2 protein chains.
Amino acid sequence: MAKERGPYACGLDAAVDVVGGKWKPMILWALHAGRTLRFGELKRHIPAVSEKVLIQQLRELESDGIVHREVYREVPPKVEYSLTDLGQSLNAALRPLGLWGDQHMRQIVASKEGKPSNAA
Amino acid sequence: MAKERGPYACGLDAAVDVVGGKWKPMILWALHAGRTLRFGELKRHIPAVSEKVLIQQLRELESDGIVHREVYREVPPKVEYSLTDLGQSLNAALRPLGLWGDQHMRQIVASKEGKPSNAA
DNA sequence: CGGTATCCAGTGCGATACTG
DNA sequence: CAGTATCGCACTGGATACCG
């Protein structure tokens, strides 16, 4: 993801491209509402991700203007991540989708198992 | 995508998992607002996708309860795809994200090229 | 018309080890 | 602490050919 950059057929494609990385939703969630987190804190919020991939997705989000990366040239090193204004607007646009997921993920998962769970 | 089904960390993950296929946003868009399309029509709406992948993504959406597949046992064969109620609700939840993409994709694309385009 | 069957390439992601 | 370097695999998506 986030390397297509082709002319998108619709805004939805662009948005999904930006937010489509495996851990990006969780990163955005961890950073929601003006929160600022250091790299290590972010890692602790998302324990399952490897450092390489976490960095990678953060860099993609940064290069998309979604997250801001602030480096403090100290020792020991300190780097803080936060959402840009664009990132906050993205988060806002994402909220309905997140709510949809919260409301329906049970039946989504269930329908996979062959249990219709009287969906829709 | 759409085979993880692990316990999602948040609704956003679930939603992205459902809509994260390369062509799924376009499929949902093509089917928006109660439209019913035959397989061939769908293909014409999205010319770049191969038949295999189109079928595949349609099946995943179907198995997620997003699209309805109606088979008419005639000759020549006829199959119609439409959104379920769940699919329509998903589309509604997706609209803000689509608008966000429409509004910002220029600066997204631009920021990749190294042109800040006074973003955010 | 509406698929399925194969084969294949790209890459996203993960694990591990090492560094300023 | 906050990365970078390397390796490897699984999976997604693409091309083509064939079928009911």
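Quick note on labels: first sequence line is chain A, next is B, and so on, each numbered from 1. Here the structure is a predicted model, which is why all the values come from computation and not from measurement. Heavy atoms only: backbone and side chains are in, while hydrogens, waters and symmetry mates are out.
- Judged by distance alone, the side chain of A:Gln57 and the main-chain N or O of A:Trp23 form a donor-acceptor pair under 3.5 Å.
- A straight line from CZ of A:Arg44 to P of D:dA2 spans 8 Å, rounded to a whole angstrom.
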Reading nucleotides 14-20 of chain C from the 5' end, what letters show protein touch, with B for base, S for backbone sugar-phosphate only, - for no heavy atom under 4.0 Å?
-> BB----B
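- Nucleic acid contact for A:Lys43: none, since no nucleic acid atom lies under 4.0 Å from a heavy atom of the residue.
- Summary for the helix from C:dC1-D:dG20 to C:dG20-D:dC1: the axes at its two ends, each from 5 pairs, differ by 50° when rounded to the nearest 10 degrees.
- If you check every strand for non-hydrogen atoms under 4.0 Å, B:Arg69 touches sugar and phosphate atoms only.
- In this structure, the CG atom of B:Leu58 is 11 Å from the P atom of C:dT4, given to the nearest Å.
- Both B:Leu58 and B:Val71 sit in one connected hydrophobic cluster of ILVMFWY residues. Membership requires side-chain heavy atoms under 4.5 Å apart, directly or through other members.
- With hydrogens and angles disregarded, no donor-acceptor distance shorter than 3.5 Å links the side chain of B:Arg35 to the backbone of B:Ser82.
- Residue A:Tyr81 places at least one side-chain N or O closer than 4.0 Å to OP1 or OP2 of D:dG3.
- Using a 4.0 Å heavy-atom cutoff across all strands shown, A:Tyr72 reaches no nucleic acid atom at all.
- Side-chain heavy atoms closer than 4.5 Å link hydrophobic residues (I, L, V, M, F, W, Y) into clusters, and following such links, possibly through other members, connects A:Met26 to A:Leu28.
- In this structure, A:Gln57 reaches the sugar-phosphate backbone alone: every heavy-atom distance under 4.0 Å involves primed, P, OP1 or OP2 atoms, never a base.
- Partner A:Ile27 forms a side-chain contact (heavy atoms from CB on, under 4.5 Å) with one of A:Leu37, A:Leu83, A:Ile46 and no other, that one being A:Ile46.
- Going from atom CZ of B:Arg73 over to atom C1' of C:dC1 covers 14 Å, rounded to whole Å.
- A heavy atom closer than 4.0 Å to some atom of DNA chain C occurs in B:Arg38, B:Phe39, B:Gly40, these being the qualifying members of residues 30-42 of chain B.
- When hydrophobic clusters are built by joining Ile, Leu, Val, Met, Phe, Trp and Tyr residues whose side-chain heavy atoms come closer than 4.5 Å, directly or via intermediates, A:Leu97 is not grouped with B:Trp29.
- B:Leu31 and B:Val49 fall within a single hydrophobic cluster, where Ile, Leu, Val, Met, Phe, Trp and Tyr are joined by side-chain heavy atoms under 4.5 Å apart, directly or via other members.
- In this structure, CG of A:Leu54 is placed 17 Å from P of C:dG12, rounded to the nearest angstrom.
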